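Values reported hereafter were calculated over all heavy atoms of this structure, with side chains retained and with hydrogens, waters and symmetry mates removed. If you're wondering where the values come from, they're calculated on a predicted model, not measured in any experiment.
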Amino acid sequence: MDRQLVTLTTDWGYRDFFAGKVKGKLHSYIPGVEVVDITHGIEPFKLYDAVFVVRNACLDFPPGTIHIIDVCSSQTAECPFVVVRYRDQYYICTDNGLPYSVFGEDASQAVVIDNINQEGDFFTFAASDLFCKVASLIAHGAELSDLGFPAERFVRITPYTNTPLPDGIKTFVAYIDAYGNADLNLSYEDFERERRGRPFKVMVQDQVLTEVVHSYVNARATGNNRAALLLTVSSTGLLQVAIRDGSAEQLLHLRAQDSVSIRFVGQ
């Protein structure tokens with residue numbers, strides 16, 4: 001890369017000074033750095049939302065990119081700060097379940113950050129107090145072994161999983177975006193593999209969807225689908241429940257982890 005890329009994924013919001021402070025330090029530590037805001041709009045402490053965002057936004061950056069992820073970043077003995085190298089990119093974050101959820105079980109390319117002096121006598125803002133310095137060391141050629149000691153394993157969190165049904169799948173809402181569109185925890189590819197050409201019914205609250213449409217403009221009210229909900233495929237590759245020019249979240253009072261049943265009808 002001609003310029004060092006550093007991304008920020010956080011729950012800081014856009015009201016306070018946090019993003020500006022971290023960007024200022026990154027520009028001071030890494031001349032010519034290009035800082036990319038993935039988002040600062042993750043709801044505070046919503047770790048599963050952070051996992052979803054990192055999976056779908058960070059992995060496609062070029063080799064050498066450094067990612068700072070500051071969500072639920074309170075270090076404990078059980079949840080230390082780590083650097084993970086994955087697909088030739090670097091992820092600076094807390095081992096709070098996010099690395100395990102995004103990268104899997106293999107911690108062989110991860111270190112627990114150690115022997116790097118934090119700034120100041122207080123330690124309330126990890127991204128500013130430590131992560132920026134670690135990013136600078138990586139940008140200037142530090143190896144993982146220079147940053148700490150090998151991580152033995154990642155902290156595991158219990159993932160929400162899909163459940164097979166005799167005639168379908170019980171899945172759940174994995175993520176709700178700012179438009180109120182609900183991504184399900186089921187890829188279109190896996191859906192079609194399980195469907196095998198059969199008719200289907202996707203049951204979301206009291207609504208039933210029976211076709212996958214290719215764009216939001218294809219929504220129409222049919223049967224008990226009074227709100228003109230639609231089932232489509234989002235840019236993540238997951239099935240998505242949405243409303244054209246409206247919010248499925250608000251209409252159906254959806255929340256992340258709400259269950260959704262998919263039934264296949266035999267032919």
Side-chain angles (χ1 to χ4, degrees), residues 1-12 18-42 47 49-73 75 79-119 125-155 175 235-237:
M1 291 185 295
D2 294 331
R3 304 180 67 185
Q4 177 63 59
L5 287 176
V6 178
T7 78
L8 300 175
T9 302
T10 80
D11 59 0
W12 301 335
F18 305 124
K21 184 177 184 68
V22 167
K23 289 179 182 181
K25 285 193 173 182
L26 289 171
H27 281 280
S28 296
Y29 291 165
I30 310 172
V33 68
E34 182 175 348
V35 183
V36 179
D37 295 295
I38 301 298
T39 183
H40 302 300
I42 293 172
L47 185 61
D49 285 359
V51 168
F52 188 93
V53 168
V54 171
R55 279 178 177 168
N56 289 287
C58 294
L59 302 184
D60 290 332
F61 275 78
T65 300
I66 300 168
H67 304 276
I68 291 176
I69 305 161
D70 189 7
V71 179
C72 300
S73 290
Q75 179 176 234
C79 299
F81 296 138
V82 294
V83 179
V84 181
R85 183 165 59 202
Y86 184 77
R87 296 181 184 175
D88 292 326
Q89 301 179 55
Y90 296 87
Y91 296 80
I92 306 169
C93 58
T94 307
D95 187 12
N96 53 13
L98 184 144
Y100 170 76
S101 298
V102 173
F103 310 117
E105 297 183 3
D106 185 8
S108 63
Q109 292 294 302
V111 296
V112 175
I113 297 172
D114 190 37
N115 295 327
I116 298 176
N117 294 328
Q118 68 185 54
E119 294 189 2
F125 189 7
S128 173
D129 300 332
L130 181 64
F131 291 177
C132 286
K133 183 176 287 188
V134 173
S136 175
L137 291 171
I138 295 170
H140 288 93
E143 299 291 339
L144 282 182
S145 58
D146 300 324
L147 305 174
F149 57 87
E152 295 182 0
R153 60 187 297 273
F154 290 135
V155 171
Y175 184 79
S235 60
T236 64

_Derivation of the side chain to side chain contact (heavy atoms under 4.5 Å, CB included) call for Asp95 and Val112_ = CA-CA 9 Å; Asp95 187 12; Val112 175; over 6 Å; no
*Drop me the distance from Asp70's CG to Thr10's OG1, to the nearest 0.5 angstrom.*
6.5 Å
*Residues, nucleotides or ligands: over 12 heavy atoms within 6.0 Å of Lys21 NZ*: no
*Interatomic spacing from CD1 in Ile30 to CD1 in Ile66 - rounded to 0.5 Å*: 5.0 Å
*Flag side-chain contact, heavy atom, 4.5 Å: Tyr91 against Val82*: no
*What pairs with Phe131 under ring-ring contact (aromatic ring centres under 6.0 Å, His included), at least two apart in sequence or on another chain?*
Phe81
*asked:* Tell me the closest heavy-atom pair linking Val35 and Leu26, and the distance in Å.
replied: CG2-CD1, 4.0 Å
*asked:* If I compare all heavy atoms of Cys93 with all of Pro99, which pair ends up nearest, and what's the gap?
replied: SG-CG, 3.8 Å
*Does the side chain to side chain contact (heavy atoms under 4.5 Å, CB included) test come out yes or no for Leu98 and Leu47, once each step is laid out?*
CA-CA 7 Å; Leu98 184 144; Leu47 185 61; 4.0 Å; yes
Sequence neighbours left out, cut at 3.5 Å: what donor-acceptor pairs do the side chains of residues 140-153 make with other protein atoms?
from	atom 1	to	atom 2	distance (Å)
His140	ND1	Ser136	O	2.7
His140	ND1	Ser136	OG	3.4
Asp146	OD2	Glu143	N	2.8

_Pairwise side-chain contact, Phe52 with Thr236, heavy-atom cut-off 4.5 Å (strictly under)_ = yes
*Looking at side-chain heavy atoms only, is the closest gap between Thr9 and His67 below 4.5 Å?*
no
*Is any side-chain heavy atom of Cys72 closer than 4.5 Å to a side-chain heavy atom of Thr94?*
no
*Arg3 (side chain) donor-acceptor with Val33 (main chain) under 3.5 angstrom*: yes
*Nearest 0.5 Å, what's the CG-CZ distance between Asp60 and Arg87?*
8.0 Å
*Should Phe125 and Val22 count as side-chain neighbours, where that means a heavy-atom distance under 4.5 Å?*
yes
*Relative to each other, are the rings of Tyr86 and Phe103 parallel, tilted or perpendicular (30° and 60° limits)?*
tilted
*asked:* I need the minimum non-hydrogen distance between Lys23 and Asp37, along with the two atoms involved.
replied: NZ-OD2, 2.6 Å
*Could you pull out the closest heavy-atom pair between Ile69 and Ser73, with the gap in Å?*
O-OG, 3.8 Å
*Is the side chain of Asn96 donor-acceptor paired with the backbone N or O of Val71 at a distance under 3.5 Å, no angle test?*
yes
*asked:* Can you confirm whether Tyr100 sits close enough to Val155 that some side-chain heavy atom of one is under 4.5 Å from a side-chain heavy atom of the other?
replied: no
_Heavy-atom closest contact (Pro62 atom, Gln89 atom, distance)_ = O-CG, 3.6 Å
*Atom pair CG (Asn56) and CD1 (Ile38), whose distance is rounded to the nearest 0.5 Å*: 11.0 Å
*Provide the closest heavy-atom pair for Ile42 versus Ala50 in the form atom of the first, atom of the second, distance.*
CD1-CA, 3.6 Å
_Within-4.5 Å side-chain heavy-atom neighbours: Phe61 and Thr7_ = yes
_Determine whether Val84 and Phe154 satisfy the following criterion, side chain to side chain contact (heavy atoms under 4.5 Å, CB included), listing intermediate values before the conclusion._
CA-CA 10 Å; Val84 181; Phe154 290 135; 4.0 Å; yes
*Considering residues at least two apart in sequence or located in another chain, which fulfil the side chain to side chain donor-acceptor pair (under 3.5 Å) criterion with Ser101?*
none
_When you compare the side chain of Ile92 with that of Ile138, does any pair of heavy atoms fall below 4.5 Å?_
yes
